[in-house]
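Down below is the structure, laid out as structure tokens.
Below, chains carry the letters A, B, ... as their sequence lines are ordered, and counting in each starts from 1.
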Protein chains: 2
Amino acid sequence: MKYSTRTRYGLRFLVYLALVEEDRYVQLRELEQQERISLRYLEQIVRLLKPTGVLLSSRGKYGGYKLARNPEKISIAEMVSSLEGDLAPISCLSHQYSCDRKPDCLTLPMWEELQEVINKYLRGKTLKDVVAQYRENRARYGKIETGVQ
Amino acid sequence: MKYSTRTRYGLRFLVYLALVEEDRYVQLRELEQQERISLRYLEQIVRLLKPTGVLLSSRGKYGGYKLARNPEKISIAEMVSSLEGDLAPISCLSHQYSCDRKPDCLTLPMWEELQEVINKYLRGKTLKDVVAQYRENRARYGKIETGVQ
DNA sequence: AGTATTTCATACCTAAATACTAAGTTTTTT
DNA sequence: AAAAAACTTAGTATTTAGGTATGAAATACT
């Protein structure tokens with residue numbers, strides 16, 4: 001079980017936006033250069049995030065993306081769920097899935113509990129928290145904190 | 001992120017063995033019928049579990065598998081890890097993986113924390129616990145608990 | 001008005017992994 | 001000797017991951 005690059009890249013995109021100090025639109029080209037993520041691929045990933053309403057976008061020259069709300073109002077659970085499709089750790093727990101053996105399943109209760117553990121962690125996590133963790137980590141490594149200009 | 005059928009089937013196999021009351025070898029054919037898991041596929045899944053030393057096997061007629069130790073001594077973390085390869089939630093955290101961007105990664109600290117959350121849950125879980133959860137769940141559904149003859 | 005630049009959208013592609021099946025070999029019991 | 005089981009290797013179909021390619025629509029600047 002691995003989260004896909006979609007999810008990894010998507011979250012890095014959001015953290016990047018959160019790190020931008022000034023009020024400006026960030027272009028995907030900038031992320032391609034800074035974060036080494038293919039522009040074309042990133043376009044598709046961003047599209048997965050749009051329905052959550054977390055992004056403001058502007059087309060054309062000097063266009064790009066910015067966060068639509070404060071990072072502390074942005075739930076990682078919601079972002080991962082949009083990028084990954086859902087948060088179920090096994091397909092049996094995905095919404096559309098049905099299985100007549102469910103009442104007799106030897107392991108379903110355990111999987112449900114694991115799902116709850118993961119969901120609880122992700123629900124309690126905001127984009128602000130992830131940014132803070134990143135900053136702490138940088139400090140540990142003794143890096144000067146510059147943020148994104 | 002989804003755990004594979006390998007892992008799901010493998011755990012069901014282990015719980016099934018734990019539910020057997022008598023001291024006998026359980027044949028894969030029995031699991032094929034009771035749990036609807038292809039015998040040929042199950043053979044390969046079982047092979048992933050053998051290196052952990054959790055299984056005793058006997059060949060030939062009346063052969064099969066039984067647990068090598070008490071279910072409370074069998075860690076789910078170890079079983080899932082053997083079935084899945086490792087417990088990393090993203091490939092960046094798999095053992096062999098290396099990435100020169102790690103010190104600057106915007107999200108790695110968060111993923112490490114999630115990994116710890118998942119590992120902690122799985123490490124604290126034994127096969128005995130999973131069996132108990134199954135039994136409780138059956139009771140909730142009002143099913144008569146027969147176990148496996 | 002025209003051009004450059006960006007997001008937005010659809011379609012397509014390739015490699016790898018998943019989830020098996022097939023066919024046999026080895027070991028043990030009857 | 002025969003049957004039945006675990007073991008082993010190889011192959012295969014399908015799905016998913018992880019992208020590219022192409023172009024349309026919107027915006028800003030000249």
Side-chain angles (χ1 to χ4, degrees), chain A residues 1-13 17 24-33 35-68 83-86 88-92 94 96-97 99, chain B residues 1-13 17 24-33 35-51 54-68 83-86 88-92 94 96-97 99:
Chain A
M1 88 120 185
K2 298 271 187 290
Y3 288 95
S4 62
T5 55
R6 274 198 315 279
T7 299
R8 276 158 41 206
Y9 296 176
L11 288 187
R12 278 163 63 197
F13 167 73
L17 291 189
R24 68 173 170 96
Y25 285 102
V26 176
Q27 296 167 9
L28 296 187
R29 189 171 302 277
E30 181 177 337
L31 272 121
E32 176 173 53
Q33 286 159 7
E35 290 291 315
R36 308 275 166 203
I37 303 171
S38 148
L39 180 114
R40 297 301 187 194
Y41 194 27
L42 203 45
E43 283 177 339
Q44 296 188 47
I45 291 165
V46 168
R47 199 142 61 102
L48 295 170
L49 291 172
K50 290 219 77 178
T52 67
V54 81
L55 295 175
L56 293 177
S57 65
S58 167
R59 289 176 160 194
K61 200 171 186 182
Y62 304 112
Y65 296 94
K66 62 167 74 169
L67 294 177
L83 292 163
E84 201 71 16
D86 61 52
I90 56 172
S91 52
C92 317
S94 289
Q96 68 285 4
Y97 192 88
C99 172
Chain B
M1 89 121 183
K2 298 272 186 290
Y3 288 94
S4 62
T5 56
R6 274 199 315 280
T7 299
R8 276 157 41 208
Y9 294 176
L11 288 187
R12 278 164 61 199
F13 166 73
L17 290 189
R24 67 173 171 97
Y25 285 103
V26 176
Q27 296 167 9
L28 295 187
R29 189 171 301 277
E30 181 177 337
L31 271 121
E32 177 172 53
Q33 285 160 5
E35 289 291 315
R36 307 277 166 203
I37 302 172
S38 148
L39 181 118
R40 298 298 190 192
Y41 193 26
L42 203 46
E43 283 176 338
Q44 298 188 45
I45 291 166
V46 168
R47 197 142 62 104
L48 295 171
L49 292 172
K50 290 219 77 177
V54 81
L55 296 175
L56 293 177
S57 65
S58 166
R59 290 176 160 196
K61 201 169 183 182
Y62 304 113
Y65 296 93
K66 61 167 74 168
L67 295 177
L83 292 162
E84 201 70 16
D86 62 53
I90 56 171
S91 52
C92 317
S94 288
Q96 67 285 6
Y97 192 87
C99 173

inquiry  = For Y3(A) and S91(B), which I'm curious about, is there any donor-acceptor pair between the side chains at under 3.5 Å?
reply    = no
ask   = Across the strands shown, which category fits K50(B) at heavy-atom distances under 4.0 angstrom: base, sugar-phosphate, nothing?
value = sugar-phosphate
request  = Can you tell me the distance, in whole Å, between the CG atom of L49(B) and the P atom of dC7(D)?
outcome  = 12 Å
query = For the pair made of CD1 in I90(A) and P in dA19(C), what is the distance, rounded to whole Å?
reply = 12 Å
query = Could you state the CG-P distance from L42(B) to dC7(D), rounded to the nearest angstrom?
reply = 12 Å
request  = For Q27(A), report the nucleic acid contact type (base, sugar-phosphate, nothing); a contact means any heavy atom under 4.0 Å.
outcome  = sugar-phosphate
Pair E30(B) + R24(B): basic N to acidic O under 4.0 Å = yes
request  = Quickly work out the L28(A) CG to dT5(C) C1' distance and round it to whole Å.
outcome  = 13 Å
ask   = Considering Watson-Crick and G-U wobble pairs with both distances under 3.5 Å, what does dC29(D) pair with?
value = dG2(C)
query = Tell me: OH of Y65(B) to P of dA4(D), nearest whole Å?
reply = 18 Å
message = In whole Å, I'd like the distance from the CD atom of E30(B) to the P atom of dA4(D).
response = 16 Å
query = Donor-acceptor pair, R12(A) side chain versus E35(A) backbone, under 3.5 Å?
reply = yes
query = Are Y65(A) and L56(A) side-chain neighbours, meaning at least one heavy-atom pair lies under 4.5 Å?
reply = no
inquiry  = When you measure from the side chain of R6(A) to the backbone of L83(A), do you find a donor-acceptor pair of N or O atoms at a distance under 3.5 Å?
reply    = yes
query = Below 4.5 Å, heavy atoms only, C-beta onward: do L28(B) and E43(B) meet side chain to side chain?
reply = yes
task = Could you tell me whether the side chains of E32(A) and S38(A) share a donor-acceptor contact shorter than 3.5 Å?
result = no
message = Show me the pairs that pass side chain to side chain donor-acceptor pair (under 3.5 Å) and involve residues 51-61 of chain A, at least two apart or across chains.
response = K50(A)-S57(A)
Under 3.5 Å between N/O atoms: give me all the protein pairs with nucleotides 25-28 of chain D, atom names plus distance.
from, atom 1, to, atom 2, distance (Å)
dA26(D), O4', R59(A), NH1, 2.7

query = Reading nucleotides 15-20 of chain D from the 5' end, what letters show protein touch, with B for base, S for backbone sugar-phosphate only, - for no heavy atom under 4.0 Å?
reply = --SBBB
ask   = Please give, in whole Å, the distance from dT6(C) C1' to Q33(A) CD?
value = 14 Å
message = What contact category does Y25(A) fall into here, base, sugar-phosphate, or nothing, at under 4.0 angstrom with non-hydrogen atoms?
response = nothing
inquiry  = Can you measure R47(B) atom CZ to dT9(D) atom C1' for me and round it to whole angstrom units?
reply    = 8 Å
query = With respect to the phosphate group of dT6(C), does any side-chain polar atom (N or O) of R29(A) fall under 4.0 Å of OP1 or OP2?
reply = yes
Intermediate values then yes/no, side-chain contact (heavy atoms from CB on, under 4.5 Å), L17(A) and L55(A) = CA-CA 10 Å; L17(A) 291 189; L55(A) 295 175; 3.7 Å; yes
